[in-house]
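Here's the structure we're looking at; comments come further down.
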Amino acid sequence: MNRFAAILGRDLRLAVRQGVDSLMVVAFFVLAVVLFPFGVGPEPGVLARIAPGVIWVAALLAAMLSLERLFQADHEDGSLELMALEPVALESVVLAKVAAHWLTTGLPLIVAAPLLAILLNLPVEGFAVLLLALLLGTPTLSLIGAVGAALILGARRGGVLLSLLVLPLFIPVLIFGAAAVEASLGGFPARPHLLILAALLLAALPLCTWAAAGALRQGLE
Amino acid sequence: MDRVTEYLAMGGYAGFIWPAYGLAAVVLAVLFVASRRRLTAAAAELAAVEAVERSPSGEA
Amino acid sequence: MSRFAGTDLACIRGERLVFQGLGFALDAGQALVLGGANGSGKSSLLRLLAGLARPAGGTLSWDGASIADDPDAHRARLLYVGHADPLKPALTVAENLAFWAALRAGRRLADSAVVAALDAFAIGRLAGVPGRYLSAGQRRRVNLARLAVSPVALWLLDEPTTALDAAAGESLRALIAAHRARGGMVVASTHSELGLDGARQLNLDAPAAAGGIKENHVSVPA
Amino acid sequence: MAPSSSLHRFANPARFLRLAAVVQPWAAGLTIAALIAGLYLGLIASPGDYQQGETVRIMYIHVPSAWMALFCYTNMALASAVALIWRHPLADVIAKATAPIGACFTFLALVTGSLWGKPMWGTWWVWDARLTSVLILFFLYLGYMALYNAFDDATRGARAAAVLALVGVVNVPIIKFSVDWWNTLHQPASVVKLDGPAIHPSMLWPLLLMALAFTTYYVWVLLLRVRAELIGRRVRAIRLRQTQVR
């Protein structure tokens with residue numbers, strides 16, 4: 001367990017020292033959402049209607065932006081190869097990195113989401129469900145994204161390729177994430193959607209970790 | 001003659017049925033031709049490379 | 001029965017047969033120096049020995065048992081120094097080395113142990129300096145300091161002396177001698193003369209096809 | 001010294017090429033025969049549907065394409081698993097050769113489905129569980145092919161793509177059972193059912209014939225692409241040997 005903590009601690013210390021990276025992710029998130037009123041028009045009724053979907057899509061894209069560097073930085077300077085040679089399971093290396101990624105990008109997105117909900121005139125009863133849905137959904141995004149990041153290790157034009165691989169796999173999280181908020185706005189129970197989001201997370205936890213570790217093992221050979 | 005046109009009309013749905021069949025024909029034909037051309041190109045390249053391999057000086 | 005041996009090893013990188021039929025044997029306290037031109041497979045062999053890649057053919061055994069049976073145990077008994085020196089610019093030298101030591105030992109090491117390892121390569125004074133200010137030679141010393149901080153049985157060194165000055169080279173030789181005295185083993189690839197006394201030589205230039213590369217017992221003068 | 005048996009990575013493909021040379025003409029002949037019979041029955045000899053009228057004829061293209069889309073992906077995933085686990089060189093060639101064929105069938109299934117949906121449901125596209133998951137399948141095919149060619153080292157691309165194929169295989173059951181899990185607009189399974197097909201034999205025959213034609217077409221084109229790939233590998237091997245220091 002303390003090897004997991006060692007990797008997580010190092011990544012968090014790196015993120016804090018290079019704090020600007022997670023700030024940029026949040027900045028992109030805010031900017032992406034702010035663009036919509038200009039595109040769709042400032043009319044509050046329309047904005048409220050599309051708010052859940054817009055916030056979710058922007059969160060998804062923001063999370064994906066920071067995923068390309070998840071393993072790339074350590075791959076380039078040889079750290080990843082050395083970590084693979086330490087007596088620590090690759091799976092826990094992946095989990096530590098996913099946890100670090102979520103803490104440095106997923107959490108800031110959740111903190112920024114209410115501000116954007118206000119900007120998009122989202123009715124206040126949707127806030128709680130939005131935060132809960134993001135809390136359940138963003139770790140899954142990091143997990144699925146980790147598989148993509150491991151697959152594109154050392155590939156040409158990795159960033160574009162990552163979006164082609166990962167965005168289709170994000171669709172289920174997006175569907176049920178946005179649906180949960182819309183259900184709560186429409187007075188329907190959001191519980192079923194949130195339960196499915198939780199199920200996706202529980203499924204992604206072992207599967208994505210195993211797949212990402214496998215992809216890393218192939219990549220390091 | 002009108003029986004043919006009447007048949008082709010497909011009960012008014014010609015605009016949906018024939019494009020479906022046409023597209024299928026095009027896609028499968030293009031895929032087949034591309035695959036066959038890829039094979040002949042590879043075979044030609046192999047012949048060229050093996051010719052270089054056999055020539056004593058090793059250069060073409 | 002030798003502790004670490006490879007029989008009939010074959011390696012394929014990408015689509016290239018790098019070598020085949022390669023054999024070697026190492027006992028406690030011994031050193032094996034890999035010679036050969038660039039691209040002859042020295043690094044590939046070291047990566048095979050480290051378990052980073054699976055050999056396309058042949059077996060690697062430790063105390064008689066194939067290392068493929070228990071890869072974790074094999075990883076726990078070796079340290080690999082490759083071409084790259086993984087040093088995070090944002091972390092200080094001590095933090096970098098402490099991370100690798102903690103990963104290896106499974107617990108946080110005392111700062112004194114970390115600084116002692118850095119002193120083995122005369123860079124103890126750089127402990128608090130962030131990695132971005134170090135020269136290539138200093139980065140390589142931090143990387144080699146990992147050998148001093150984590151006691152293991154097998155060292156796999158890929159051209160360890162690149163970017164090292166004479167003094168650092170001397171520290172490395174002293175460290176290797178002490179390691180071998182404790183019964184440790186070293187496999188190193190190098191171009192310049194590493195000067196390990198009683199080291200065995202494995203030249204990877206022998207044509208791969210002609211019956212493979214057997215280790216020729218040439219003892220390098222002290 | 002002959003490379004040891006575990007060096008099957010260099011297993012010479014001659015045995016496979018001989019097999020391919022035998023199978024290919026049969027695959028070609030069967031494809032053409034089944035196609036002619038299927039088209040004749042489907043377009044001429046079978047009646048229109050009492051509800052949908054003539055548009056039902058699109059089924060003879062749409063349904064086989066959808067089956068093939070899933071069949072190809074399953075093959076790709078199986079071959080990728082064999083390639084990853086047993087390092088068999090032929091497995092990842094088959095996976096690589098299958099991908100474009102599967103992608104074409106998925107594209108056909110999507111477009112002909114939409115052409116059928118317009119007259120039947122009144123819209124070209126609806127965000128329905130079955131259609132969305134097949135669209136994801138199409139992206140997985142594109143992702144596989146893009147990932148395969150995204151590396152300078154061919155074997156590295158093959159392995160990365162193989163892992164993606166395995167990750168994506170979770171989508172196949174979702175497609176298969178999407179019509180049952182969610183109340184979708186799409187028609188539930190009506191050919192392969194517990195209580196036997198719910199289609200009139202006059203329509204079942206053209207459907208099965210077209211499915212056979214598509215399957216043998218897949219084998220035919222697969223063999224073409226695999227032979228091309230194997231020859232390509234031999235060319236690369238010879239070129240590598242020429243550059244290697246003597």
Side-chain angles (χ1 to χ4, degrees), chain B, chain D residues 28 31 35 39 42-44 48-49 52-62 64-65 68 97 100-101 103-105 107-109 111-120 210 213-214 217-218 220-239 241-242 246:
Chain B
M1 201 25 216
D2 60 350
R3 232 163 45 72
V4 173
T5 49
E6 184 255 334
Y7 168 75
L8 286 182
M10 275 289 167
Y13 293 113
F16 303 104
I17 295 169
W18 296 119
Y21 279 79
L23 180 74
V26 165
V27 166
L28 296 183
V30 164
L31 178 60
F32 174 76
V33 165
S35 306
R36 173 160 285 285
R37 187 173 300 150
R38 175 195 276 267
L39 178 59
T40 42
E45 198 184 355
L46 179 65
V49 164
E50 275 177 344
V52 165
E53 182 80 1
R54 272 193 309 279
S55 63
S57 63
E59 287 85 26
Chain D
T31 305
L35 211 54
L39 288 176
L43 284 174
I44 299 161
D49 183 65
Q52 301 168 22
E54 302 301 331
T55 57
V56 77
R57 297 187 195 285
I58 299 180
M59 167 176 76
Y60 304 132
I61 297 282
H62 174 67
S65 304
M68 287 310 293
I101 308 172
C104 286
F105 278 128
F107 174 74
L108 273 183
V111 173
T112 54
S114 162
L115 281 169
W116 195 7
K118 179 64 179 155
M120 214 161 70
M210 289 300 283
F214 279 15
Y217 170 89
Y218 162 62
W220 186 6
V221 175
L222 178 71
L223 291 180
L224 284 178
R225 298 190 77 88
V226 167
R227 285 169 57 200
E229 183 65 25
L230 289 177
I231 292 174
R233 285 194 174 190
R234 207 178 308 153
V235 167
R236 277 202 300 277
I238 293 173
R239 284 234 170 80
R241 228 190 356 262
Q242 282 167 353
R246 275 288 184 285

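Each chain gets a letter, A, B and so on, in the order its sequence line appears, and its residues count up from 1.
If you measure heavy-atom distances from D:L39 to chain B, the contacts under 4.5 Å come from the side chain alone. Heavy atoms closer than 4.5 Å to chain B are found nowhere in D:W116, neither backbone nor side chain. Using a 4.5 Å cut-off between heavy atoms, D:L35 makes no contact with chain B at all.
For the ring-ring contact (aromatic ring centres under 6.0 Å, His included) test, no residue two or more places apart in sequence or in another chain qualifies with B:Y21.
Under 4.0 Å is where a charged nitrogen must lie from a carboxylate oxygen, and between D:R57 and D:E54 at least one such pair does.
Between B:F16 and B:Y13, the ring-plane angle classifies as tilted under the 30° and 60° cut-offs.
In terms of heavy-atom pairs under 4.5 angstrom with chain B, the leader among D:I101, D:T55, D:V111, D:T112 is D:T55. The choice from D:F107, D:W220, D:F214 that makes the most heavy-atom pairs within less than 4.5 Å of chain B is D:W220. Note on B:A48, B:A43, B:S35: by heavy-atom pairs under 4.5 Å with chain D, the leading option is B:S35.
Each side-chain hydrogen bond (donor to acceptor under 3.5 Å, both in side chains) pair with one or both residues in residues 38-52 of chain B, not counting sequence neighbours, appears once here: B:E45-D:R239.
D:R227 contributes atom CZ, which lies 11.5 Å from atom CG of D:L222 (distance to the nearest 0.5 angstrom).
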